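Atom set for the values below is all heavy atoms of this structure, side chains included, hydrogens, waters and symmetry mates excluded. The structure displayed is predicted, hence computed values, not measured ones.
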Amino acid sequence: MLASMLLMGTLAIVACAAPSATQQKHVLFVVADDLGRNDLSHFNGGLSETPAIDDLLSNGIFLESYYTFKVCSPSRTSIMSGRYAWRTGFYDMVNDDGHVLNFNYTMLPDLLKTAGYTSHAIGKWNVGGIVAKSTPTYNGFESFLGYYSACQQDYYYHNGSCADASKGLYPIDMSFNQGKNISGASGYAGQYSTHIYTQRAIAVMQQHVAEHAGEEVMPPLFQYLAYQNVHLACGDAKTAAIGPVQAPCATIGRFPLVQSDTFKAQSANMLELDWGIGNVTQAYKSAGIWDDTAFILVSDNGGPLDHTTNYPLRGGKHTFWEGGVRVVAFVSGPLVPESRRGSVYSGMLHSSDWYKTIFEGIAGGTTPAYTGPSVPDGYNTWDAILGGSASPRTEVIHQVKNQYFNDSTTGYALRVGDFKLLVGTPGDSRTLAWPKPGSSPVPFGRSGGNIEGSTGHCRGPTGSGSKNMSVVCSPCLFNVVDDPTESNDLASNASYASTIAQLTQRLSEAGLEGPPLSLAYPYSPAQQKVMETQICQHAQATGYWEPVDA
């Protein structure tokens with residue numbers, strides 16, 4: 001129990017703290033990166049090991065029809081802005097380093113500040129980092145310990161992009177920002193990122209409790225804890241050859257019967273995530289504030305099919321199949337009524353809904369008339385989730401086509417009511433399940449895994465398997481309530497012609513509402529090259545991947 005043991009001393013200290021009363025509820029919002037629908041033990045029949053998450057889920061409400069975008073940055077933008085990603089100019093991961101949310105939008109933590117909340121961000125940001133105004137502490141968070149980009153190069157060394165092996169330059173994408181003070185975070189090399197973020201979340205909570213001990217009413221705390229798990233490490237000139245699925249070797253050793261090094265490492269990566277979440281929630285309980293905390297866990301997109309699984313759903317990350325956009329999400333904690341614990345909520349939800357759900361439903365606020373250039377797409381769904389009533393949401397528009405984004409190779413999609421329309425190429429259409437263990441132990445390293453000297457750092461390869469990109473929708477239509485596995489395309493059935501026409505018209509109408517790409521700099525191939533050069537020069541000069549104007 002390596003990860004659990006790391007924090008026992010911390011938890012013992014917290015247990016001594018005297019809790020103060022609170023009227024508004026704390027929010028612990030956890031984002032698991034690339035978590036697959038079939039990755040949790042709760043769903044795969046115990047093939048993986050996730051006891052803490054399973055316990056939270058068993059005492060919470062699973063959000064069966066929760067949707068997000070198919071990749072990282074746009075989905076996180078929806079959470080922070082309360083809008084569809086495309087409506088804010090985040091159509092995909094196009095020019096991701098240059099992406100910023102329009103500065104006229106009020107992000108969720110700035111909104112929560114008006115309700116008396118103190119907010120802290122930990123882990124992956126990916127909502128803009130090229131200029132200071134796009135970073136967390138310029139948008140309502142008091143502090144930020146984490147990284148700006150879509151993925152770090154390594155779980156242990158936290159390298160960012162812009163490595164220059166010939167000069168021995170490996171800039172770090174790890175920041176510790178407080179207020180308007182932006183600075184690279186030092187002293188973390190060699191530490192597994194999950195442990196860093198878990199310890200930070202506990203420390204933030206401890207400090208908050210200590211600062212307000214003895215007060216009649218404790219100000220509410222919002223923690224946005226966005227783990228690196230279970231995203232691949234991107235790799236650079238230093239690490240790419242030795243495996244992107246990374247976990248401590250001691251944790252991998254708990255899975256001797258798992259046959260492939262990919263899923264040995266993935267099993268361990270999942271367990272490390274579980275231990276982290278378990279340690280944080282235990283700390284809240286020991287501090288006496290768990291009873292006043294709303295716990296929310298979501299995946300940012302479906303699991304990628306090279307090391308995670310989304311069975312029984314079709315597809316995964318980077319696809320508009322249900323496996324790419326219909327993801328693991330649940331709410332838990334004592335705020336969930338006893339009669340609803342362990343239940344499933346089937347109402348339609350979207351990542352943009354957290355904006356109003358948290359601010360209005362949990363914090364008790366009233367959303368201002370103006371929070372940005374477009375009105376929020378999200379709804380306050382808190383009462384519907386807790387009470388099991390109908391969702392106010394009746395549609396999810398995943399991706400549109402317009403003058404700013406027109407790429408049939410990545411497709412367009414929406415769901416209205418029970419029906420989902422797909423146009424173009426939705427992506428890899430395979431349906432993959434978590435592999436079953438063998439009958440005999442297999443040591444790590446037999447199928448591409450690597451151990452870094454005597455460090456105890458293990459890295460597994462991604463899995464093999466050919467993508468199935470053969471499905472082209474012109475269009476495809478599925479009833480995803482009756483057919484969530486998208487096995488029966490109804491498009492050729494004449495009785496659904498009017499449904500197809502209505503959904504096609506809705507998709508076209510939505511496309512007209514989409515703005516240009518939201519970028520820090522005007523986009524052109526030449527400007528893109530200038531920006532990339534500027535970013536790398538700045539990173540190599542400072543040793544850290546930071547905003548170029550910081």
inquiry  = Show the nearest heavy-atom pair for residues Asp383 and Ser389, with the distance to one decimal.
reply    = O-OG, 4.2 Å

request  = Would you please classify the geometry between the Trp125 ring and the Phe141 ring as parallel, tilted or perpendicular, with 30° and 60° separating the classes?
outcome  = perpendicular

ask   = Is the Tyr66 ring parallel, tilted or perpendicular to the Trp354 ring (thresholds 30°, 60°)?
value = tilted

task = Please report the C-alpha distance between Asn102 and Ser518 in whole Å, then the side-chain angles of each, then the deciding distance to 0.1 Å, and finally whether the side-chain hydrogen bond (donor to acceptor under 3.5 Å, both in side chains) criterion is met.
result = CA-CA 6 Å; Asn102 185 306; Ser518 185; 5.6 Å; no

inquiry  = In terms of relative ring orientation, are Tyr148 and Trp545 parallel, tilted or perpendicular, with 30° and 60° separating the classes?
reply    = tilted

request  = Could you tell me whether the side chain of Trp321 and the main chain of Gly427 form a donor-acceptor pair under 3.5 Å?
outcome  = yes

ask   = What is the distance from atom OH of Tyr345 to atom CD1 of Ile61, rounded to the nearest 0.5 Å?
value = 9.5 Å

request  = Could you tell me whether the side chain of Phe144 reaches within less than 4.5 Å of the side chain of Gln178, counting heavy atoms only?
outcome  = no

inquiry  = Has Ser75 got a side-chain atom pairing as donor or acceptor with Cys72's backbone, closer than 3.5 angstrom?
reply    = yes

inquiry  = For Arg83, is there an ion pair with Glu513 - N to carboxylate O distance below 4.0 angstrom?
reply    = no

Donor-acceptor contact below 3.5 Å, side chain Asn279 vs main chain Trp275 = yes

request  = Please determine, by modelled atom types, if Asn229 and Asp33 share a side-chain donor-acceptor pair under 3.5 angstrom.
outcome  = no

key: Heavy-atom donor-acceptor pair, Arg314 side chain to Thr431 backbone, under 3.5 Å   = no

ask   = Going by heavy atoms in the side chains, are Leu40 and Met270 under 4.5 Å from each other?
value = yes

message = Does Gln207 have more than 12 heavy atoms from other residues, nucleotides or ligands lying within 6.0 Å of its CD?
response = no

ask   = Can you check whether Thr88's main-chain N or O pairs, donor with acceptor, with Ser81's side chain at less than 3.5 Å?
value = no

task = Test the Lys133-Phe103 pair against the cation-pi criterion, namely NZ or CZ under 6.0 angstrom from the six-membered ring centroid and within 45° of the ring axis.
result = yes

inquiry  = Under a 3.5 Å distance rule, please check whether Ser351 uses its side chain to pair with a backbone N or O of Ile79 as donor and acceptor.
reply    = no

note = Shortest non-hydrogen pair, Asp173 vs Tyr147, comes out as O-CB, 2.9 Å

message = If the test is side-chain hydrogen bond (donor to acceptor under 3.5 Å, both in side chains), which one of His307, Lys317, Gln152 qualifies with His231?
response = Lys317

query = Is a side-chain N or O of Asn402 found less than 3.5 angstrom from the main chain of Leu512, in a donor-acceptor match?
reply = no

request  = Measure the spacing between CG of Asp407 and NZ of Lys401 and express it to the nearest 0.5 Å.
outcome  = 10.5 Å

inquiry  = Just by distance, no angles: are the side chains of Ser374 and Tyr105 close enough, under 3.5 Å, to form a donor-acceptor pair?
reply    = yes

request  = In plain terms, say whether Arg37 and Glu322 are close enough for a salt bridge, that is, a side-chain N and a carboxylate O under 4.0 Å apart.
outcome  = no

key: SB check Arg506 Glu395 (cutoff 4.0 Å)   = yes

inquiry  = Working note: Asn488 + Asp483, criterion side-chain hydrogen bond (donor to acceptor under 3.5 Å, both in side chains); need CA distance, chi angles, decisive distance, verdict.
reply    = CA-CA 7 Å; Asn488 182 23; Asp483 177 27; 5.4 Å; no

ask   = Do Thr118 and His208 touch side chain to side chain, with heavy atoms closer than 4.5 Å?
value = yes

message = Whether Asp377 and Arg393 form a salt bridge (side-chain N of Lys/Arg under 4.0 Å from carboxylate O of Asp/Glu) is what I want to check.
response = no

Heavy-atom pair of closest approach, residues Gln24 and Ala363 = NE2-O, 3.4 Å

request  = Would you confirm whether Ser73, through its side chain, and Asn126, through its main-chain N or O, come within 3.5 Å as a donor-acceptor pair?
outcome  = yes

task = Spell out, as yes or no, whether a donor-acceptor pair under 3.5 Å connects the side chain of Asn310 to the backbone of Gly302.
result = no

task = Taking the side chain as every heavy atom from C-beta outward, state whether Leu313 and Arg326 have any pair of such atoms under 4.5 Å apart.
result = yes

key: Pair Thr50-Asp54, side-chain donor/acceptor within less than 3.5 Å   = yes

inquiry  = For the residue pair Arg200 / Ser143, report whether a side-chain donor-acceptor contact shorter than 3.5 Å exists.
reply    = yes

ask   = Using the ring of each side chain (for Trp, its six-membered ring), is Tyr412 parallel, tilted or perpendicular to Phe405, with breaks at 30° and 60°?
value = perpendicular

ask   = What's the shortest heavy-atom distance between Ala550 and Ile182, and which atoms?
value = CB-CG2, 4.1 Å

ask   = When rounded to the nearest 0.5 angstrom, what distance separates CG in Asn479 from CZ in Phe419?
value = 4.5 Å

task = Please examine the side chains of Thr366 and Glu360, heavy atoms only from C-beta on, and report whether any two atoms are closer than 4.5 Å.
result = no

inquiry  = Let me confirm one number: the CZ-CD1 distance from Phe29 to Ile358, rounded to the nearest 0.5 Å.
reply    = 5.0 Å

key: Minimal non-hydrogen separation, Phe330 against Phe62, with atom names   = CB-CA, 3.8 Å

task = Check the side chains of Glu546 and Ser175 for a donor-acceptor pair under 3.5 angstrom, ignoring hydrogens and angles.
result = yes

remark   = Here the gap from Gln399 atom CD to Trp86 atom CH2, rounded to the nearest 0.5 Å, amounts to 9.0 Å

request  = Report the C-alpha separation of His99 and Phe90 in whole Å, then their side-chain angles, then the decisive distance to 0.1 Å, and conclude whether the ring pair (Phe, Tyr, Trp, His ring centres under 6.0 Å) test is met.
outcome  = CA-CA 7 Å; His99 255 147; Phe90 279 65; 3.9 Å; yes

query = Thr137 and Glu142: side-chain hydrogen bond (donor to acceptor under 3.5 Å, both in side chains), yes or no, with the steps?
reply = CA-CA 6 Å; Thr137 55; Glu142 300 296 320; over 6 Å; no

ask   = Does a side chain donor of either Thr381 or Asp353 reach within less than 3.5 Å of an acceptor in the other side chain?
value = no

request  = Could you give me the CA-CA distance, side-chain angles and deciding distance for Tyr227 and Thr198, then say whether side-chain hydrogen bond (donor to acceptor under 3.5 Å, both in side chains) is met?
outcome  = CA-CA 9 Å; Tyr227 282 106; Thr198 296; 2.8 Å; yes

note = Interatomic distance, NZ@Lys124 vs OH@Tyr197, rounded to 0.5 Å, equals 10.5 Å

key: Main-chain N/O of Ser346 paired to Ser65 side chain as donor or acceptor, under 3.5 Å   = yes

inquiry  = Please determine whether a side-chain nitrogen of the Lys or Arg among Lys70 and Asp92 lies less than 4.0 Å from a carboxylate oxygen of the Asp or Glu.
reply    = yes

ask   = Any side-chain heavy atom of Leu56 sitting closer than 4.5 Å to one from Ile277?
value = yes

request  = For residues Ser352 and Tyr84, report the shortest heavy-atom separation together with the two atoms involved.
outcome  = CB-N, 4.3 Å

ask   = Is any side-chain heavy atom of Val481 less than 4.5 Å from a side-chain heavy atom of Arg415?
value = yes

task = Could you tell me whether Tyr67 and His398 have their ring centroids closer than 6.0 angstrom?
result = yes

ask   = Is there a donor-acceptor contact under 3.5 Å linking the side chains of Asn44 and Ser48?
value = yes

